[in-house]
Every structure is written in C-alpha cells, then in structure tokens.
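Counting begins at 1 with the first residue of the sequence.
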Amino acid sequence: MLDKLDEDYWSQRYRNEQTGWDIGQLSPPLKHYIDQISQKSLSILIPGSGNAYEAAYLMEKGFYNTHILDISEWPLNQFKKQSPDFPANQVLHKDFFALEGSFDLIFEQTFFCALKPDLRPQYVEKMLNLLKGGGKLVGLLFDDPLYDDHPPFGGSKGEYLALFRPHFDIHTFEKSYNSIKARRGRELFMILQKPKN
C-alpha cells in the first residue's frame, strides 16, 4: 500500500467516494483564522486541496491570489464545475514536491497526513522553499496515532514539533478548541512562521 500513494490511488478514492478526510465544508478552525485576515492581496496556496472548500471561501472573501494544488485531477475538475469563476491558472494539477512558486500563506488541511511518513522532512523543506520570508504555514494536524500502513497517517505534538521547530518560529501549536465534533480533541492547530532572513 505505502508504495502506491500516487495519482491513480487518490483518483480512485475520489471516484469510489472513499473520502473520509473530506468533512464537506470549510473546517471551523480555518474559517476562524481566515476571518481574521485583513490583507486581501496575500498569495495563498492550499496543497492537497481536494474539494477545496477553503479556496471557495477565500475567493468569496476577496482573496483573489489563492492557488489550489492536487496530485489528482478528479477533485480539481469537480471544484472547477462548482466554482467556474475561479481562475483556471490558479488550479494546479501537479505533485506538491515539483511545485515552484512563492507564497505568503500556505494552509494545511489533511495533506500532511496523506503523505507517507518518511516524506515529512521533505514536506518541511518544501514548505520552507515555497514560503516567502515571514510567510506562514497555518492549519491542522491529527494528534492521534491513526494508521501506519495507509493514510491518514497520524502522530503527536512532540513528534511534529521535532520536525518543525528547527526551521519555523512557532506561534501556535495547541489542541484545536473549535474542531468539528468527530475530530474534537484529536486535532492540533498550528501557526508556523518562516523566519524573515
């Protein structure tokens, strides 16, 4: 299983509606964070975006420099049907690790847990490369062991901090107080900032 987490694997999951990570809406912690942002010109990336509820909400709120990325074209096509006014050139069908660009803000929402755990150091390195100096990585991580042979792959606060702390300034890394009921007590909300220099 672990060697087959490719585009075909994820597209099959979408086709078969095996999308337990998809809560059908923008998660409350991310909505709360977005509602506090005043700078509409930020360049924003949502990797592993899936159905991209976050992107639809961001565009509705005037954040027009929002980009979504997924290795599977299936959810991106669904998103384009539901959000026909979203700029096509900001819908990216590619591997996260092959992406080039520079962003002020990157949202994490069930992408980290979909990657094979041995890719986590590369995830951190890629996030640093994609973020501008002073840019932020904001989102949710599962505070739960979950599975070790198939996604979602879990972990713990201590394990995550060991990965991120050497590279980011940690502004927030705490239990999420406003998770959906099914995930209450099982999510950590993080705000990590790339140093400015």
Side-chain angles (χ1 to χ4, degrees), residues 21 23 25-50 52-69 96-97 99-115 117 119-146 152-197:
W21 64 85
I23 64 172
Q25 64 182 27
L26 170 63
S27 71
L30 291 185
K31 180 182 184 299
H32 182 72
Y33 183 84
I34 291 167
D35 287 345
Q36 298 177 68
I37 306 172
S38 58
Q39 193 179 343
K40 305 286 174 140
S41 62
L42 292 176
S43 54
I44 299 171
L45 173 68
I46 305 166
S49 61
Y53 307 109
E54 302 84 4
Y57 187 72
L58 283 160
M59 290 295 277
E60 180 187 313
K61 292 291 183 180
F63 294 92
Y64 300 125
N65 196 8
T66 296
H67 301 72
I68 63 172
L69 173 145
F96 168 73
F97 294 104
L99 180 65
E100 299 295 328
S102 186
F103 301 92
D104 297 300
L105 176 60
I106 302 178
F107 282 111
E108 167 56 52
Q109 170 68 10
T110 68
F111 175 55
F112 181 89
C113 70
L115 296 170
L119 290 175
R120 289 177 176 180
Q122 285 172 252
Y123 168 102
V124 173
E125 184 179 337
K126 189 66 182 177
M127 287 295 182
L128 285 167
N129 288 340
L130 290 171
L131 282 168
K132 299 175 183 177
K136 292 177 181 175
L137 173 59
V138 175
L140 297 155
L141 299 177
F142 281 114
D143 188 22
D144 193 322
L146 297 173
F153 303 102
S156 66
K157 180 177 178 178
E159 182 184 341
Y160 301 146
L161 284 174
L163 269 173
F164 292 114
R165 187 173 272 143
H167 309 285
F168 287 91
D169 295 329
I170 313 289
H171 288 280
T172 302
F173 214 106
E174 301 297 336
K175 287 267 191 195
S176 172
Y177 68 87
N178 54 353
S179 297
I180 62 166
K181 188 175 179 182
R183 295 183 181 171
R184 205 159 291 152
R186 298 174 52 230
E187 287 185 310
L188 294 161
F189 183 72
M190 64 177 181
I191 303 174
L192 311 181
Q193 187 168 28
K194 178 179 175 177
K196 289 187 177 174
N197 45 31

What's the verdict on salt bridge (charged side-chain N to carboxylate O under 4.0 Å, His left out) for Glu54 and Lys31, showing C-alpha distance, side-chain angles and the deciding distance?
-> CA-CA 8 Å; Glu54 302 84 4; Lys31 180 182 184 299; over 6 Å; no
Phe63 ring centre to Lys40 NZ or CZ under 6.0 Å, with the angle to the axis within 45°?
-> yes
When rounded to the nearest 0.5 angstrom, what distance separates [atom1] in [X] from [atom2] in [Y]?
| X | Y | atom1 | atom2 | value |
| --- | --- | --- | --- | --- |
| Asn178 | Arg184 | CG | CZ | 9.0 Å |
| Leu105 | Leu58 | CG | CG | 8.0 Å |
| Phe96 | Ile106 | CZ | CD1 | 6.0 Å |
| Glu60 | Leu26 | CD | CG | 10.0 Å |
| Lys126 | Gln122 | NZ | CD | 10.5 Å |
| Gln109 | Ser49 | CD | OG | 11.5 Å |

Could you label the plane-to-plane angle of the Phe164 and Tyr123 rings as parallel, tilted or perpendicular, counting under 30° as parallel and over 60° as perpendicular?
->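 Ring orientation of Phe164 relative to Tyr123: perpendicular.
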Report yes or no: does [X] contribute a side-chain atom to a donor-acceptor pair with the main-chain N or O of [Y] at less than 3.5 Å?
| X | Y | result |
| --- | --- | --- |
| Asp104 | Ser43 | yes |
| Lys194 | Leu131 | yes |
| Glu159 | Ala162 | no |

Can you sort out the partners of Tyr33 under side-chain hydrogen bond (donor to acceptor under 3.5 Å, both in side chains), two or more places apart, ordered by chain and number?
->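 side-chain hydrogen bond (donor to acceptor under 3.5 Å, both in side chains) check on Tyr33 returns nothing, list empty.
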Side chains of [X] and [Y]: does their closest heavy-atom pair fall under 4.5 Å?
| X | Y | value |
| --- | --- | --- |
| Gln193 | Phe168 | no |
| Pro195 | Asp169 | yes |
| Pro28 | Ile180 | yes |
| Leu137 | Ile191 | no |
| Phe153 | Arg120 | yes |
| Leu69 | Leu99 | yes |
| Phe103 | Leu42 | no |
| Ile46 | Thr66 | yes |

Ion pair check, Arg186 and Asp143, cut-off under 4.0 Å =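 Looking at Arg186 and Asp143, the cut-off is not met.
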Could you tell me which non-hydrogen atom of Arg165 sits nearest to which non-hydrogen atom of Ile170, and how far apart they are?
->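 In this case the closest contact between Arg165 and Ile170 is CA-CD1, 4.1 Å.
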Where do Phe173 and Leu192 land on the side chain to side chain contact (heavy atoms under 4.5 Å, CB included) test, with the steps shown first?
-> CA-CA 8 Å; Phe173 214 106; Leu192 311 181; 3.8 Å; yes
Would you please indicate if the ring centroids of Tyr160 and Phe112 are separated by under 6.0 Å?
->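 Judged by ring-centre distance (under 6.0 Å), Tyr160 and Phe112 do meet the cut-off.
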Tell me, with the steps shown, if Leu140 and Glu108 meet side chain to side chain contact (heavy atoms under 4.5 Å, CB included).
-> CA-CA 6 Å; Leu140 297 155; Glu108 167 56 52; over 6 Å; no
